[in-house]
Amino acid sequence: MLKSKDFLSISDLTPEDIRRLISAAVAMKAEGWSSRLSEKILALLFEKPSLRHRASFEVAMRQLGGQCIYLSPAEVGMGQRESIADVARVLSGYVHCIASRTFSHKTLEELSKYSRVPVINSLSDLEHPCQAMADLLTIYEKKDGFEGLTLAYIGDGNNVANSLILAATMCGINFRMASPAGYAVKDNIINIARDYAAGSGSTIFFTADPRDAVTGADIVYTDVWTSMGQESEAEKRRQAFAGYQVNSELLSLAREDAIFMHDLPAHRGEEVTDDVMDGPQSVVFEQSENKMHMLKALLMDLLGGLEMGQADYR
Ligand code: NVA
């Protein structure tokens with residue numbers, strides 16, 4: 001089991017948790033359906049739109065024999081119609097786990113404080129830890145482990161980048177990031193990542209030049225330039241990130257066997273071109289499928305207690 005009741009951040013995990021969860025996700029992916037979480041109910045409490053997370057949480061719970069209820073922002077009015085603390089207290093009486101997607105990370109922390117059941121971060125402005133875990137599963141499958149790998153992240157220092165730098169450095173993956181001035185990952189996250197890198201032996205490198213980041217990389221990763229909640233900055237961001245598109249010319253600087261990753265949804269023609277998204281190096285749809293497999297492992301860990309071996313983890 002995780003050391004914390006909740007999964008709000010990659011920092012809630014240890015390297016050992018990551019090994020166990022990947023091992024479990026690989027095993028459950030091969031196994032398919034089971035009834036391990038029968039009589040368990042998950043609430044999805046979302047303030048923002050979602051395709052992958054809503055669908056993959058629902059499918060994950062069904063494949064494990066459990067059930068899901070979806071609560072839309074309009075129905076709940078978290079923090080407006082009713083306090084976050086009271087929403088947490090009420091739901092704790094009905095369900096066994098809450099997965100929440102919020103604008104502010106503070107909302108998740110408040111939910112966690114008052115909830116008697118585990119709370120999972122299904123994306124906040126600060127982190128997207130379930131995504132990073134699905135990404136690690138995809139990298140593990142594609143690259144047969146993590147040792148010696150270099151991941152180049154091109155673009156905004158957002159929620160996805162924050163979780164990814166923490167996850168990569170915890171697992172010994174070298175992390176390079178290229179972003180325009182003012183859009184890098186913030187110092188508080190970098191400081192944690194530096195500690196993880198010191199423990200795992202990985203390196204961290206920041207640059208303004210995408211070519212410096214991508215040259216010789218094993219993994220090239222990007223995300224949207226404008227995240228949900230930042231729509232008013234879209235034009236300013238389009239200008240700032242103009243030279244940061246992942247196109248075939250940039251990707252050609254990576255290793256020949258490099259993979260291209262994106263958490264989706266992609267803004268095709270902005271941060272990534274169609275030929276890269278749909279090209280032979282792209283693993284973006286494997287990433288989205290792996291989210292469901294990783295969520296099964298996380299739900300099992302938080303709700304049922306995983307007791308699976310680590311034989312196939314390297
Ligand atoms: N950074 C993006 C991720 C979407 C899954 C956002 O927050 O909108």
Side-chain angles (χ1 to χ4, degrees), residues 7-10 44-60 70 72-73 78 99-109 120-139 151-168 175 177-180 182-186 189 193 219-238 240-241 244-246 260-272 277 282-295 298:
F7 180 47
L8 303 190
S9 163
I10 289 293
L44 298 179
L45 185 59
F46 282 14
E47 290 184 335
K48 297 178 183 178
S50 169
L51 165 66
R52 275 150 295 277
H53 262 235
R54 179 174 175 185
S56 54
F57 265 120
E58 292 211 16
V59 172
Y70 174 75
S72 71
M78 197 161 39
S100 191
R101 170 165 288 203
T102 60
F103 283 98
S104 166
H105 195 76
K106 288 194 169 45
T107 303
L108 281 177
E109 288 172 344
I120 300 177
N121 179 355
S122 181
L123 182 145
S124 70
D125 57 346
L126 184 65
E127 275 207 54
H128 200 6
C130 297
Q131 178 67 49
M133 287 302 295
D135 297 339
L136 286 181
L137 172 59
T138 309
I139 293 168
L151 185 154
Y153 179 94
I154 310 302
D156 191 22
N158 59 17
N159 43 10
V160 169
N162 288 344
S163 290
L164 204 55
I165 188 174
L166 297 177
F175 189 88
M177 176 167 182
S179 58
Y183 291 98
V185 166
K186 300 283 176 290
I189 298 285
I219 302 142
V220 178
Y221 199 121
T222 192
D223 183 25
V224 292
W225 296 335
T226 301
S227 287
M228 290 179 275
Q230 299 173 330
E231 288 76 7
S232 64
E233 299 173 27
E235 191 44 45
K236 186 179 108 191
R237 285 171 167 270
R238 255 193 292 277
F241 286 99
Y244 290 81
Q245 183 185 68
V246 179
F260 168 73
M261 302 182 78
H262 191 308
D263 51 289
L264 305 181
H267 292 169
R268 288 168 177 255
E270 288 195 7
E271 76 275 5
V272 60
M277 273 286 285
S282 173
V283 298
V284 300
F285 298 111
E286 280 140 296
Q287 266 178 279
S288 57
E289 182 189 325
N290 273 342
K291 190 171 293 176
M292 191 268 288
H293 300 298
M294 180 47 76
L295 292 181
L298 276 162

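Counting convention: from 1, in listed order, for ligands and their atoms alike.
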I'd like to check which ligand 1 atoms, numbered from 1 as shown, lie under 4.0 Å from a non-hydrogen atom of L123. 3 (C), 4 (C), 5 (C), 7 (O)

Residue L264 vicinity, atoms of ligand 1 by number, heavy atom under 4.0 Å: 5 (C)

Proximity of D156 to ligand 1 by residue part, where a heavy atom lies under 4.0 Å: neither

Any idea which part of D125 is under 4.0 Å from ligand 1, heavy-atom wise: side chain, backbone, both or neither? neither

Please confirm whether the backbone N or O of G229 pairs with a side-chain atom of E231, one donor and one acceptor, at under 3.5 Å? yes

Between E286 and T138, is there a donor-acceptor pair closer than 3.5 Å when you use the side chain of the first and the backbone of the second? no

From S9 atom OG to N162 atom CG, the distance as rounded to the nearest 0.5 Å: 9.0 Å

Give the residue, atom name and distance (to 0.1 Å) of the protein heavy atom nearest atom 8 (O) of ligand 1. M228 N, 2.8 Å

Set out, in order, the CA-CA distance, both residues' side-chain angles and the distance that settles side chain to side chain contact (heavy atoms under 4.5 Å, CB included) for I120 and C130, then state yes or no. CA-CA 8 Å; I120 300 177; C130 297; 3.6 Å; yes

Any idea how F175 and Y153 line up, ring-wise: parallel (<30°), tilted (30 to 60°), or perpendicular (>60°)? parallel

Short N or O distance, D223 and ligand 1, threshold 3.5 Å exclusive: yes

Return yes or no for this condition: an N or O of S227 is under 3.5 Å from an N or O of ligand 1. yes

Minimum non-hydrogen distance to atom 7 (O) of ligand 1, winning option of D263, N159, V224, N162: N159

Given the ring of F46, does R54 sit roughly above its face, with NZ or CZ under 6.0 Å from the centre of the six-membered ring and within 45° of the axis? no

